[in-house]
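Each residue takes its place number in the sequence, starting with 1. Counting convention: from 1, in listed order, for ligands and their atoms alike.
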Amino acid sequence: MSALDISVQRRPDPATDDRLAQILAKPGFGVSFTDHMLTVDWTPDAGWHDARITAYGPITLDPATAVLHYAQEIFEGMKAYRHADGSVWTFRPEANGARMARSSRRLALPELPADDFVATVDALVQVDERWVPDAEGEKSLYLRPFMFASEAFLGVRPAKHVTYMVIASPAGSYFAGGLKPVSLLVAEHHTRAAIGGMGAAKTGGNYASSLAPQQEAIDKGFDQVVFLDAIERKYVEELGGMNLYFVHDDGTIVTPELTGTILEGVTRASIMELAKSLGHKVEERRFSLDEWRHGVGSGRITEVFACGTAAVVTPVGRLAWQDQEVDSSVAGDAGPVTKQVRQALVDIQYGRAEDTFGWMHRVL
Ligand SMILES: *Cc1c(COP(=O)(O)O)cnc(C)c1O
C-alpha cells in the first residue's frame, strides 16, 4: 500500500466535451495533454511529501535549477487502456516502477517506492478518466512519470530538492495505415552507451546523445538509427528508443542480451514470455551486425522487429551500413511472427484475450 496522501485540486475549467472529442478523434502522439498533472516533492529531511494533483500547466524554474545544467533526470513511459466494458487498465505498472527505481539509483536520485509509483499513476488516470480513449484504433492514454533535480544551485552533487511528476497524453496508434516496416541505418560514428555508463537507465541524456545520429539517418532517408556496442562496434544493441528481435527460419527468436548498455524494455521482457507461450524458442545472446546481414541474405533470418511501449511492435525493413543494404521486410509488410506476437500482446492490453500472465492492473 502506498503511504502517499495525494490531494486533488480539480481545475475549474476542464476541456469541454466538444474539444475533448475533437482531440480523442485524432490524438497523434505527445501533442495534447490532459486537464491535470501530479507532483510530489522530495527533500532529504521530509522524504517524499506534498503529493498533489493540480491543473496541468507550466512550472516555474529558477535558471540555476540543477537539471537544466547537469541533466539529473529520469523518466518512464507507459499506457492506460480502455477495455470494451469501459474499465481502464495499465500494463505491468510495477515493472515500470521497479525500472524507475533502478534508474534513480544510477542517476543518484531518491527512490520512489514502487507502491507510490503505481498509486500516483492510478490517481492521475482516475482524475483524468475521460481522457482515456476508447480502444478502437488502438488508442490509449500515454503516461509519462518523470523525476528531476529541482534544487537551484550550480555545483556537481546530487540535488537536495527533487521533483517527481506524472503527465498524461492521449495517443493514437503509431500505425494508422497498417504496419509499415521502418528502415534503419547503422550508426557508424556514434554509440549510445558504454559498459558502466547510463545505457540501462531511462534518462533524457541517452536521448540527447541519440539525436545527432538519428538526424543523420533521417537526412539519408532512413527512419531510425541502430546502435552497436561501444567496444567492438560489432554487436547490435538497440534503436534510440526500441529493443530488437530477430526471427529465425526454425521459429527461434533472438534478442540482444542485457549487458548493462541496453534499456530493459518492459515490452521486450513481455514479448520473451509471450513468444515462449506461443511455442517459440527465445534466446538472449550477443547478436552481431554480420549475423544480421548474412542471416537476412541466406534466409536464416526471416523477420526483424523492434518493440517499445509507444509503438508496441514495429516491423523492420531495410537495414543499411556503409554503402550496403539488406531488406528483411516480408514483401514490404510485417511477417507472420511479428504480426502474431504483436496481436497477442495488444489483445491482452485491450482485454480481448485472457491475461494468463497477470500483467494487467485495473485502475477504474
Ligand atoms: C523506453 C525505452 C525502450 C522500450 O521500453 P518499454 O518499456 O518497452 O517501453 C527501449 N529502449 C530505450 C532506449 C528506451 O528508453
Side-chain angles (χ1 to χ4, degrees), residues 29-30 71 73-81 90-104 106-107 114 117-118 121 138 140-147 168-169 171 173-174 182 184 187 190-194 197-214 217 223-230 236-245 253 255-275 284 287 304-314 316 338 341-342 344-346 348-349 357 359-361:
F29 191 89
E73 183 270 355
I74 56 175
F75 66 95
E76 274 302 321
M78 48 204 290
K79 285 173 170 175
Y81 309 86
T90 51
F91 180 75
R92 308 188 73 179
E94 67 297 332
N96 293 88
R99 184 170 67 191
M100 187 166 221
R102 291 198 296 277
S103 298
S104 65
R106 181 63 185 87
L107 274 285
F117 176 91
V118 175
V121 170
E138 278 182 21
S140 61
L141 183 65
Y142 184 77
L143 303 163
R144 168 52 59 85
F146 60 107
M147 189 190 291
S169 172
S173 169
Y174 251 58
V182 292
L184 306 179
H190 299 91
T191 57
R192 184 185 163 275
M198 303 198 300
K202 208 163 173 79
T203 178
N206 289 336
Y207 281 76
S209 93
S210 76
L211 295 177
Q214 173 65 28
D223 296 314
Q224 296 216 26
V225 65
V226 189
F227 290 102
L228 302 179
D229 78 280
V236 177
E237 301 225 304
E238 60 168 315
L239 310 186
M242 282 194 274
N243 297 117
L244 282 167
Y245 275 95
I253 303 181
T255 191
E257 71 179 352
L258 303 173
T259 52
T261 56
I262 295 179
L263 199 285
E264 299 171 34
V266 176
T267 318
R268 174 188 180 280
S270 306
I271 285 175
M272 287 201 286
E273 286 190 53
L274 204 53
E284 276 183 282
F287 190 86
V304 182
F305 64 86
C307 69
T309 296
V312 195
V313 169
T314 309
V316 171
T338 305
V341 166
R342 184 177 201 286
L345 185 58
V346 296
I348 291 174
Q349 290 172 332
F357 301 93
W359 284 340
M360 301 307 290
H361 166 80

- So which heavy atom in the protein is nearest atom 1 (C) of ligand 1, and how far is it from that ligand atom? K202 NZ, 1.4 Å

- Would you please determine whether R99 falls within less than 4.0 Å of ligand 1 on a heavy-atom basis? yes

- Within 4.0 Å of some non-hydrogen atom of R192, the atoms of ligand 1 are 13 (C)

- Message: For M242, which part has a heavy atom under 4.0 Å from ligand 1: side chain, backbone, both, or neither?
- Response: backbone

- Give a yes/no verdict on whether any heavy atom in N243 is under 4.0 Å from an atom of ligand 1. yes

- Query: In terms of side-chain heavy atoms, does S210 have a donor or acceptor partner in R192 at a distance below 3.5 Å?
  - Reply: no

- Message: Rounded to the nearest 0.5 Å, what separates atom NZ in K202 from atom CG in L263?
- Response: 4.5 Å

- Is there a side-chain contact between F29 and S169, using heavy atoms and a 4.5 Å cut-off? no

- Item | ring-ring contact (aromatic ring centres under 6.0 Å, His included) between Y245 and F287, intermediate numbers included | CA-CA 10 Å; Y245 275 95; F287 190 86; over 10 Å; no

- Query: Do Y207 and ligand 1 have an N or O pair less than 3.5 Å apart?
  - Reply: yes

- Assess the side chains of E284 and T255: does a donor N or O sit below 3.5 Å from an acceptor N or O? no

- Query: Do the side chains of V346 and V312 get nearer than 4.5 Å, heavy atoms only?
  - Reply: yes

- What protein heavy atom is closest to atom 3 (C) of ligand 1, reported as residue, atom name and distance in Å? G241 O, 3.3 Å

- Sub-3.5 Å donor-acceptor pair from the side chain of K79 to the main-chain atoms of A310, do we have one? yes

- Task: Work out whether the distance between some heavy atom of G240 and some atom of ligand 1 is less than 4.0 Å.
- Result: yes

- Message: Under 3.5 Å between any N/O of E264 and any N/O of ligand 1: does that happen in this structure?
- Response: no

- Task: Provide, to 0.1 Å, the distance between atom 9 (O) of ligand 1 and the closest protein heavy atom, together with that atom's residue and name.
- Result: T309 OG1, 2.6 Å

- Can you name the nearest heavy-atom pair linking L345 to S270, along with the distance? CD1-CB, 4.5 Å

- Nearest to atom 8 (O) of ligand 1, what protein heavy atom do you find, and at what distance? T267 OG1, 2.5 Å

- Query: Closest approach of S103 and A201, non-hydrogen atoms and distance?
  - Reply: OG-CA, 3.7 Å

- Message: Any heavy atom of M78 closer to ligand 1 than 4.0 angstrom?
- Response: no

- Query: To the nearest 0.1 Å, how far is atom 5 (O) of ligand 1 from its closest protein heavy atom, and which atom is that?
  - Reply: G265 CA, 3.3 Å

- Message: Return the closest protein heavy atom for atom 11 (N) of ligand 1 as residue, atom name and distance.
- Response: E238 OE1, 2.5 Å

- Using a 4.0 Å heavy-atom cut-off, say whether L263 meets ligand 1 through its side chain, its backbone, both or neither. side chain

- What one should report as the nearest heavy-atom pair of A95 and V266 is CB-CG2, 4.1 Å

